[in-house]
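Below is one structure, written out as structure tokens; the observations come after it.
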Protein chains: 2
Amino acid sequence: MARSGQPRVLLVEDEPAQRTVLAYNLEAEGFAVTQADNGEDAMVLVDEEDPDIIILDWMMPKVSGIEVCRRLKMRPETRGIPIIMLSARAEEVDRIRGLETGADDYVIKPYSVLELMARARAQLRRVRPSTAGVVLEHEDIRLDPESHRVYRGENVLKLGPTEFKLLVTLMERPGRVFSREQLLDLVWGRDIYVDTRTVDVHVGRLRKSLMQFGGSDPVRTVRGAGYALG
Amino acid sequence: MARSGQPRVLLVEDEPAQRTVLAYNLEAEGFAVTQADNGEDAMVLVDEEDPDIIILDWMMPKVSGIEVCRRLKMRPETRGIPIIMLSARAEEVDRIRGLETGADDYVIKPYSVLELMARARAQLRRVRPSTAGVVLEHEDIRLDPESHRVYRGENVLKLGPTEFKLLVTLMERPGRVFSREQLLDLVWGRDIYVDTRTVDVHVGRLRKSLMQFGGSDPVRTVRGAGYALG
DNA sequence: CAGGCCTGTTACACTTTCGTCGCATAGGCT
DNA sequence: AGCCTATGCGACGAAAGTGTAACAGGCCTG
């Protein structure tokens, strides 16, 4: 559970028919799909949705796929997201490679959907290897997703399921500010409707749990924006 | 030919990313891993390395996994080696079954690495029951897979078959939290339909058995997640 | 074929956790 | 300072998760 719930894919393709087919297949594979039909929207959605992987068409009006790719790979906070490029011609792959855009994989149209799915899964595994044996750490907090145990210093903490998921989410990207909406999405799940204030309550409970043996408050409130760790 | 040392696995998968992840996990599990990315090499390596178990991708260029499997199961000297097939789609499993290739187990992609590891261990146990006198231990619980005997301290415990398998599963990875679904899969087997609450009941029975001579409860309930040992 | 063991399901009690509300408090802006 | 909004926090009814006893059916054994 590098992140709770489904892996997220951002699908950027200007041709509606192809996009629909791909989206359908990706969802059938268990991905949560966000769609964009141009590069500009894609850049915005990357920040909003924080996808685990991006599938990017090479030829698009306005901001081309290759440009999106180049920009994303320049920013440290998005560099780690795997990008799979779709290109219409085999010769273009060489250009893509030559341009050193930093795409992580390439698939040539016409591609086999099955193949693309396989490559998407492969990239996902590469970045997120089933969280095997990973222990999240931040300052004196340690969290082992496998055993579901949380330590603060020498003490073992007892957290409820939601507090646990919340902490996992925050610890996966320490310092990053999550909006209440994002947290609802990541911790509770997309199509669950609960008041955003509920997040506040659970953050409060998490704080209390984390500080029950003393220590400083590791959760930072960013007024008007959300919460972050550290 | 009970062999000493690490169990050997031959991993045949043409997709580099997936192969790498699997190899990593298998090594973490204590296997000595030999890798191949095609069926031809696999056939050679079977003779050279004499693996205890083979994990075989179904779709591969040249000699397909299914063909490798068929050939190995025809030769008396390799017939005994368990083969786990990886297949990309559920429908293919039926084909594998129908073709009577003799694969001993199959896992559908995208699979859980944990599940694959568990199945690999299970196959290994089946063929190599001695496991060279390996006895699972956790705190004061000892479990001898060969004699099917379980000890708690000085006492011998009598467990039912399901309780036993459940305990084996938990003891193979002490501390790890297993969801009810995972336990159903690993203990009862896939394609068995039983209510998840049944797991609760059997965990309860296992607990009673484990504590019949006193001692603390070694099974940890993780609310909203599942059960773990210790 | 009777008896015992094991199994899966169900029902009920109990506990924990959840989501919301109301009000107190803190932060920022004019 | 004064106002307004965002946030913290205690309380509470509701919902969900879990432990366990009881029961009925299946399987094997003697």
Side-chain angles (χ1 to χ4, degrees), chain A residues 4-5 148-150 156-170 177-212 215-229, chain B residues 148-150 156-170 177-212 215-229:
Chain A
S4 46
H148 265 245
R149 280 212 171 92
V150 183
V156 182
L157 303 183
K158 192 171 157 302
L159 305 181
T162 306
E163 287 171 48
F164 182 81
K165 275 191 262 183
L166 183 56
L167 182 57
V168 170
T169 304
L170 293 174
V177 178
F178 293 89
S179 72
R180 290 172 174 72
E181 285 75 15
Q182 285 178 321
L183 289 174
L184 278 179
D185 239 35
L186 296 168
V187 176
W188 277 258
R190 319 211 100 194
D191 21 55
I192 305 291
Y193 71 100
V194 284
D195 198 291
T196 58
R197 288 303 311 277
T198 301
V199 177
D200 296 19
V201 178
H202 280 276
V203 167
R205 286 170 181 161
L206 176 58
R207 277 183 167 135
K208 192 198 273 187
S209 295
L210 287 172
M211 296 192 289
Q212 61 184 307
S216 60
D217 183 358
V219 181
R220 181 165 49 104
T221 300
V222 182
R223 201 178 172 79
Y227 299 97
L229 205 66
Chain B
H148 260 239
R149 251 189 261 273
V150 183
V156 183
L157 304 182
K158 194 169 156 309
L159 303 183
T162 306
E163 288 172 47
F164 182 79
K165 271 191 267 182
L166 185 55
L167 183 58
V168 169
T169 303
L170 292 175
V177 176
F178 294 88
S179 72
R180 289 170 175 73
E181 285 75 15
Q182 286 177 324
L183 289 173
L184 279 179
D185 221 41
L186 297 171
V187 176
W188 278 257
R190 62 176 65 223
D191 36 64
I192 304 288
Y193 157 73
V194 283
D195 197 289
T196 58
R197 288 305 310 277
T198 301
V199 177
D200 296 20
V201 177
H202 280 276
V203 167
R205 287 169 181 162
L206 175 58
R207 277 182 166 135
K208 193 195 275 187
S209 296
L210 288 172
M211 296 192 289
Q212 61 184 304
S216 60
D217 183 357
V219 181
R220 178 167 53 109
T221 300
V222 183
R223 194 166 240 266
Y227 298 97
L229 206 66

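Protein chains get the first letters and strands the later ones, always in sequence-line order, with residue 1 at the start of each.
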Inset, instruction - Please state how far atom OH in B:Tyr193 lies from atom P in C:dT9, giving the value in whole angstrom units. - result: 6 Å

Legend entry - Rounded interatomic separation in angstrom, taking CG from A:Leu210 and P from D:dC9: 13 Å

Inset, instruction - Check whether any side-chain N or O of B:Lys165 sits under 4.0 Å from OP1 or OP2 of C:dT7, and answer yes or no. - result: no

Inset, instruction - Rounded off to whole Å, could you give me the CZ-to-C1' distance for the A:Phe164 and C:dT16 pair? - result: 17 Å

Legend entry - Pairwise distance CG(B:Asp217) to CG(B:Leu210) - rounded to 0.5 angstrom: 8.0 Å

Inset, instruction - Measure from the side-chain heavy atoms of B:Thr198 and tell me the nearest of D:dG17, C:dC18, C:dG8. - result: C:dG8

Legend entry - Separation of C:dC5 P from B:Leu159 CG (nearest whole Å): 15 Å

Legend entry - Nearest-nucleotide comparison on DNA chain C, the residue closer to the 5′ end among B:Gly160 and A:Lys158: B:Gly160

Inset, instruction - Measure the distance from CG on B:Asp200 to C1' on C:dC14 and round it to the nearest whole Å. - result: 14 Å

Inset, instruction - Step by step, work out the side chain to side chain contact (heavy atoms under 4.5 Å, CB included) result for A:Leu157 and A:Ser209. - result: CA-CA 7 Å; A:Leu157 303 183; A:Ser209 295; 5.6 Å; no

Inset, instruction - Give the nucleotide from the list C:dT15, C:dT7, D:dA6 with an atom nearest to the side chain of B:Thr162. - result: C:dT7

Inset, instruction - Could you tell me the separation between the CG atom of B:Leu166 and the P atom of C:dC6, rounded to a whole number of Å? - result: 15 Å

Inset, instruction - Take atom CZ of A:Arg223 and atom P of C:dA26, then tell me their distance rounded to the nearest Å. - result: 12 Å

Legend entry - Distance test, side-chain N/O of A:Arg180 to OP1/OP2 of D:dT7, below 4.0 Å: yes

Legend entry - Test item: B:Val219 and B:Leu229 side chains (from C-beta on) under 4.5 Å apart, heavy atoms: yes

Inset, instruction - Could you check whether A:Gly204 gets within reach of a base, just the sugar-phosphate, or nothing at all, counting any heavy atom under 4.0 Å? - result: nothing

Legend entry - Worked check of side chain to side chain contact (heavy atoms under 4.5 Å, CB included) between B:Val203 and B:Arg207: CA-CA 6 Å; B:Val203 167; B:Arg207 277 182 166 135; 3.8 Å; yes

Legend entry - Close side-chain approach of A:Gln182 and A:Val177, heavy atoms under 4.5 Å: no

Legend entry - Phosphate-side-chain proximity, B:Trp188 and C:dG8, N/O vs OP1/OP2 below 4.0 Å: yes

Inset, instruction - Please state how far atom CG in B:Asp217 lies from atom C1' in D:dT20, giving the value in whole angstrom units. - result: 14 Å

Inset, instruction - Just compare D:dT5, D:dT20, C:dT20 and give me whichever is closest to any side-chain atom of A:Val201. - result: C:dT20

Legend entry - B:His202 and B:Trp188 aromatic ring geometry - parallel, tilted or perpendicular at 30°/60° bounds: perpendicular

Legend entry - Distance below 4.0 Å between A:Arg205 side-chain N/O and C:dT17 OP1 or OP2: no

Inset, instruction - Report yes if a side-chain nitrogen or oxygen of A:Thr221 is closer than 4.0 Å to either non-bridging phosphate oxygen (OP1 or OP2) of D:dT7; otherwise report no. - result: no

Inset, instruction - Describe the nucleic acid contact of B:Val222 in one word from base, sugar-phosphate, nothing, applying a heavy-atom distance below 4.0 Å. - result: sugar-phosphate

Inset, instruction - Kindly say if A:Arg197 contacts the phosphate of D:dA6, meaning a side-chain N or O under 4.0 Å from OP1 or OP2. - result: no

Inset, instruction - Indicate whether OP1 or OP2 belonging to D:dA6 is found under 4.0 Å from a side-chain N or O atom of A:Tyr227. - result: no

